[in-house]
Amino acid sequence: MLMENKAENKAVFDAESAKEVVKELRDSFVTGKTKSHRWRVTQLKAMLKMLDENEPQIVAALRDDLSKPEFESSLYEIQILKNSCRLALKEMNHWMMPEKAKTSLTTFPSSAEIVSEPLGVVLVISAWNYPFLLSLDPVVGAISAGNAIVLKPSEMAPASSSLIAKLVADYLDSSCIKVVEGAVPETSALLEQKWDKILYTGNGRVARIVMAAAAKHLTPVVLELGGKSPVIVDSNINLKVATRRIIAGKWGCNNGQACISPDYIITTKDYATKLVDSFKCELERFYGKDPLESKDLSRIVNSNHFDRLSKLMDEEKVSSKIVHGGQRNEKNLQIAPTIFLDVPVNSLIMKEEIFGPLLPIITVDKVEQSFDLIHSSGGKPLAAYLFTNNKKLKRKFVETVSAGGLVVNDTAVHLAIHSLPFGGVGESGMGSYHGKFSFDAFSHKKAVLYRGFAGDAFLRYPPYTPGKLTLLQALLSGSIVGIIRALLGWFWA
């Protein structure tokens with residue numbers, strides 16, 4: 001019994017364990033191993049191989065954790081990850097090259113460049129809703145930038161977390177890339193350490209804890225959060241296509257459990273009935289008359305989130321507003337796609353990020369009033385969507401709505417565009433990644449200036465005179481006319 005207790009104590013991951021992990025990674029990083037182009041390529045190719053050879057196991061883990069359909073697992077997690085790896089392999093050599101920078105007359109003759117260097121040892125804390133994508137996509141960026149990495153997957157997706165830990169240990173360089181499993185105690189132990197950057201994906205409450213811990217060490221952070229992402233639906237559009245695209249971004253993305261999922265719709269009173277009828281038709285076409293029997297809808301992640309969503313549905317001033325859906329199976333943690341019409345703006349469902357299969361529709365007299373409604377919510381969402389053919393409305397949407405990303409006439413698809421930064425603003429997060437933005441997120445842009453010994457200007461040295469000051473001011477301003485005037489004044493003096 002005593003030996004068993006000793007073994008259990010040894011297995012506990014505490015602050016001392018975290019400290020040892022960080023030290024091991026720093027020792028590896030100091031050797032320069034992760035900085036080499038060859039190491040980065042080797043790791044990214046290994047990750048591609050890992051995904052290719054283990055797709056069935058990944059799909060099975062996602063099914064265990066979330067009942068996620070194979071279609072969504074393969075397309076929205078595995079394929080997007082593969083694309084990230086392939087893009088990094090293709091472009092990384094270019095990303096690593098120093099970027100030429102202009103110099104001025106002040107330092108003439110000289111040349112300058114911006115060198116991207118890895119930050120060092122970084123921490124990635126991921127979320128449960130897309131456990132493979134949100135864990136490994138930031139790791140792709142951290143590898144391509146040349147860092148050593150600790151990945152902390154979410155304990156709320158245990159099958160995925162366990163598989164990630166096994167696969168990373170089997171395929172990637174364990175001296176430079178490690179996975180730490182666990183819950184709050186393990187995360188807290190990790191956050192006590194000094195990191196060179198932390199990327200956290202999750203909710204605002206935990207983000208504040210992460211940021212407070214990072215502040216103790218002046219560690220920079222990337223926070224990928226969420227918020228209430230609105231959808232504005234104008235009239236005179238292709239309603240069938242619009243409805244399908246909203247369904248795909250809402251229920252087709254983990255049954256609404258996605259940070260960029262449409263959170264609520266704003267449309268006009270005159271158009272609301274048509275929109276609801278279109279939703280009813282298309283939802284039945286996609287998920288059948290009893291959506292709880294559908295194999296194409298993910299379940300709610302756990303009983304706590306099921307109870308939270310049920311509370312939103314059962315609020316007295318909201319429950320009577322259900323116009324479609326509402327079916328629940330507590331035992332199986334299932335909630336059907338549910339639409340509400342004209343819920344009060346002061347209801348819980350309009351105050352909290354829903355993060356589930358519930359979709360309220362708010363009505364206004366004129367579609368232009370949607371912008372005031374979004375602004376009055378007080379938050380800046382991770383995404384905002386507009387369906388319209390009106391060019392003026394599109395311009396106003398882009399000019400006035402502040403969000404992490406905007407999409408016109410679709411939902412969620414900007415996530416797959418690697419040439420666009422993905423990140424929030426204000427309450428929905430800070431910093432961004434994806435594609436080269438991932439490389440930049442885990443790099444330091446180092447300024448480098450080269451000079452020879454020729455062209456040494458006596459102007460900068462004492463004794464200081466009014467003439468030197470005038471000429472240096474002209475040089476710093478970059479004004480050719482000013483420089484000529486200063487030189488003439490110097491000469492005539």
Side-chain angles (χ1 to χ4, degrees), residues 26 29-30 32 34-35 37 91-122 141-142 144-147 194-199 211-212 214-223 380 398-400 402 404 419-421 423-426 429-433 435-493:
R26 287 206 185 280
F29 179 77
V30 167
T34 65
K35 293 184 179 181
H37 180 263
E91 300 291 344
M92 186 170 54
N93 195 47
H94 174 68
W95 295 343
M96 291 173 66
M97 290 177 63
E99 179 186 344
K100 292 295 181 184
K102 291 182 179 180
T103 58
S104 68
L105 284 171
T106 310
T107 57
F108 179 85
S110 64
S111 63
E113 63 185 12
I114 301 167
V115 176
S116 294
E117 65 175 8
L119 291 169
V121 181
V122 301
S144 66
N147 297 276
K194 177 175 172 55
W195 304 92
D196 296 298
K197 193 153 199 177
I198 299 173
L199 187 148
M211 199 168 182
K216 294 177 183 178
H217 301 288
L218 293 180
T219 299
V221 296
V222 174
L223 303 177
K380 296 181 179 181
V398 174
E399 290 171 0
T400 64
S402 182
S419 57
L420 292 174
V425 57
M430 63 180 67
S432 61
Y433 71 118
K436 186 174 185 296
F437 301 99
S438 292
F439 176 88
D440 291 340
F442 290 104
S443 298
H444 166 60
K445 301 300 182 183
K446 183 165 60 180
V448 182
L449 180 70
Y450 299 96
R451 295 202 72 196
F453 290 99
D456 191 42
F458 70 94
L459 297 172
R460 62 192 288 195
Y461 307 126
Y464 302 131
T465 67
K468 286 182 179 181
L469 178 60
T470 301
L471 186 51
L472 278 173
Q473 286 175 333
L475 286 168
L476 287 170
S477 72
S479 168
I480 299 298
V481 174
I483 293 170
I484 292 171
R485 284 176 176 171
L487 286 171
L488 289 173
W490 182 289
F491 178 76
W492 284 332

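These values consider heavy atoms only, across backbone and side chains, with no hydrogens, waters or symmetry-generated copies. For this chain, numbers begin at 1 and follow the sequence in order.
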With distance as the sole test, does [X] use its side chain to make a donor-acceptor pair with the main-chain N or O of [Y] at under 3.5 Å?
X: Asn147; Y: Pro118; answer: no
X: Lys197; Y: Ala441; answer: yes
X: Arg451; Y: Ser111; answer: no

Dump the intermediate steps for side-chain contact (heavy atoms from CB on, under 4.5 Å) on Val121 and Lys194, then the final yes or no.
CA-CA 9 Å; Val121 181; Lys194 177 175 172 55; over 6 Å; no

So which heavy atom on [X] is nearest to which on [Y], and how close?
X: Phe439; Y: Ser144; answer: CE1-O, 3.2 Å
X: Phe437; Y: Ser419; answer: CE1-O, 3.4 Å
X: Val115; Y: Glu113; answer: CG2-OE2, 3.7 Å
X: Val122; Y: Ala142; answer: CG2-CB, 4.0 Å
X: Ala454; Y: Pro109; answer: O-CD, 3.9 Å
X: Arg26; Y: Trp195; answer: NH2-CA, 3.9 Å

Step through the shown structure and confirm whether more than 12 heavy atoms of other residues, nucleotides or ligands are within 6.0 Å of [atom1] on [X].
X: Lys380; atom1: NZ; result: no
X: Arg460; atom1: CZ; result: no
X: Lys216; atom1: NZ; result: no

Approximate separation, where rounding is to 0.5 Å, of [X] [atom1] and [Y] [atom2]:
X: Met97; Y: Ile114; atom1: CE; atom2: CD1; answer: 13.5 Å
X: Lys436; Y: Ser443; atom1: NZ; atom2: OG; answer: 7.5 Å
X: Ser438; Y: Leu199; atom1: OG; atom2: CG; answer: 8.5 Å

Do the side chains of Tyr461 and Asp456 get nearer than 4.5 Å, heavy atoms only?
yes

Answer with yes or no whether the side chains of Lys446 and Ser116 bring together a donor and an acceptor at under 3.5 Å.
no

Residues which pass side-chain contact (heavy atoms from CB on, under 4.5 Å) with Met430, listed by chain and number, not counting sequence neighbours
Met211, Val221, Leu223

